[in-house]
Protein chains: 2
Amino acid sequence: MKQEVESMLKSKEINPTVNRMLVLDYLLELKSSISLTDLELSLESFDRVTLYRTLKTFEERGLVHKIEDGMGITKFAICQDSCKAGMHHDLHVHFYCHNCKQTFCLPKTQIPEVKLPENYQRQEMELIVKGICSACAK
Amino acid sequence: MKQEVESMLKSKEINPTVNRMLVLDYLLELKSSISLTDLELSLESFDRVTLYRTLKTFEERGLVHKIEDGMGITKFAICQDSCKAGMHHDLHVHFYCHNCKQTFCLPKTQIPEVKLPENYQRQEMELIVKGICSACAK
DNA sequence: ATAAAAATTGCAATACAGTTGCATGCTGTT
DNA sequence: AACAGCATGCAACTGTATTGCAATTTTTAT
Ligand SMILES: [Mn+2]
Ligand SMILES: [Mn+2]
Ligand SMILES: [Zn+2]
Ligand SMILES: [Zn+2]
């Protein structure tokens with residue numbers, strides 16, 4: 001397990017420090033995304049700034065992606081697969097649950113194409129669907 | 001003109017004070033949306049809190065809608081038409097320009113339907129397209 | 001293995017958007 | 001004119017994001 005986490009960091013050219021391995025391990029367990037504040041609450045021994053910079057590094061190297069959850073909170077989630085440093089391929093839908101306040105990646109749900117007005121040049125897209133998640137719907 | 005602004009406020013059951021008429025007038029001139037901070041810079045004579053509460057009232061009465069611009073900034077824009085107090089019909093796409101940092105409503109560009117995984121219940125959607133706006137593309 | 005260099009971390013401080021409480025001022029009504 | 005109710009401004013507070021710098025850890029080169 002620890003071996004796996006370490007090589008995952010190395011493959012993204014991230015120095016595998018103890019801290020970073022613990023953070024990555026935690027993110028991998030997680031079913032949804034997490035905000036910096038919630039991460040700080042979950043991993044109490046870490047300084048907030050360290051977690052901030054850890055997430056920033058992870059994002060820059062293509063290991064996690066940033067999600068605007070649609071309620072003004074920034075969250076982070078492990079990238080699915082093909083993301084590289086400075087190159088995220090993150091065209092899936094995100095789902096915000098009004099009940100549990102969690103934000104889920106829906107990697108199998110692609111963002112459909114939209115036709116923009118004349119002269120608008122698209123570079124990225126974000127689609128946030130809000131409602132009740134499957135766990136809360138039961 | 002002033003007459004028009006006043007009756008617009010009244011039709012949404014908002015008390016037409018001098019301040020509110022000036023803010024609404026400014027918003028109507030605007031081609032794109034605006035953040036609280038930028039509004040404060042544009043209308044210097046107003047206190048930030050007054051503008052905050054003005055926008056909040058406008059939003060609650062269905063006169064403006066709130067936009068998460070995808071970069072963590074909340075912006076406000078005049079509603080198109082059928083919005084009522086507590087009931088926004090805001091399923092159009094928003095466009096964020098990386099060059100001028102403005103966020104545009106694209107009222108003619110609807111958000112396409114997406115099929116969610118089993119048991120997810122949709123209530124709202126937000127689609128932000130990022131890139132270069134038509135003015136900056138020239 | 002050790003020393004030097006480079007990267008990482010923690011603490012303190014700052015920046016900044018959003019929000020609330022309260023005293024004051026304004027407006028319309030009796 | 002007196003009153004009630006809403007609107008406004010100021011000060012203060014919250015919460016998140018971000019930076020500077022010194023201390024510590026990790027890596028690299030002897
Ligand atoms: Mn995602
Ligand atoms: Mn809009
Ligand atoms: Zn839920
Ligand atoms: Zn532009």
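Throughout, a chain's letter reflects where its sequence line sits, starting with A, and its residues are numbered from 1.
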Output yes when at least one side-chain N/O atom of [X] is less than 4.0 Å from OP1 or OP2 of [N], else no.
| X | N | result |
| --- | --- | --- |
| B:Arg48 | D:dC10 | no |
| A:Thr17 | C:dT8 | no |
| A:Thr74 | D:dA17 | yes |
| A:Asn19 | C:dT9 | yes |
| A:Tyr52 | D:dA17 | no |

Sugar-phosphate, base or nothing in reach of B:Leu36, heavy atoms under 4.0 Å: sugar-phosphate
Touch class at under 4.0 angstrom, heavy-atom based, for B:Ser35 against every strand present: nothing
B:Ser33 versus B:Gln102, side-chain donor and acceptor atoms under 3.5 Å: no
B:Thr103 and B:Lys75 side chains, donor-acceptor separation under 3.5 Å: yes
Would you kindly give the [atom1]-to-[atom2] distance between [X] and [N], to the nearest whole Å?
| X | N | atom1 | atom2 | answer |
| --- | --- | --- | --- | --- |
| A:Met71 | C:dT19 | CE | P | 11 Å |
| B:Glu68 | D:dT16 | CD | C1' | 14 Å |
| A:Glu6 | D:dT27 | CD | C1' | 14 Å |
| A:Leu22 | C:dT8 | CG | P | 16 Å |
| B:Glu60 | D:dC6 | CD | P | 14 Å |
| A:Met21 | D:dT25 | CE | P | 15 Å |
| B:Ile14 | D:dA7 | CD1 | P | 10 Å |
| B:Asp47 | C:dT20 | CG | P | 15 Å |

Selected nucleotide, minimal atom distance to A:Lys56 side chain, candidates D:dA11, D:dT19, D:dA17: D:dT19
Candidates D:dA7, C:dG21, D:dT26 - which lies nearest the side chain of A:Asn15: D:dT26
Ring center gap for B:Phe95 and A:Tyr120 short of 6.0 angstrom: yes
A:Met71 backbone acceptor or donor facing A:Asp69 side chain under 3.5 Å: yes
Check: B:Arg20 side chain, B:Asn15 main-chain N or O, donor-acceptor pair, under 3.5 Å: yes
Pair of N/O donor and acceptor under 3.5 Å linking D:dG9 base with B:Arg53 side chain: yes
Residue closer to the 5' end of DNA chain C, B:Lys66 versus A:Phe46 (nearest nucleotide): A:Phe46
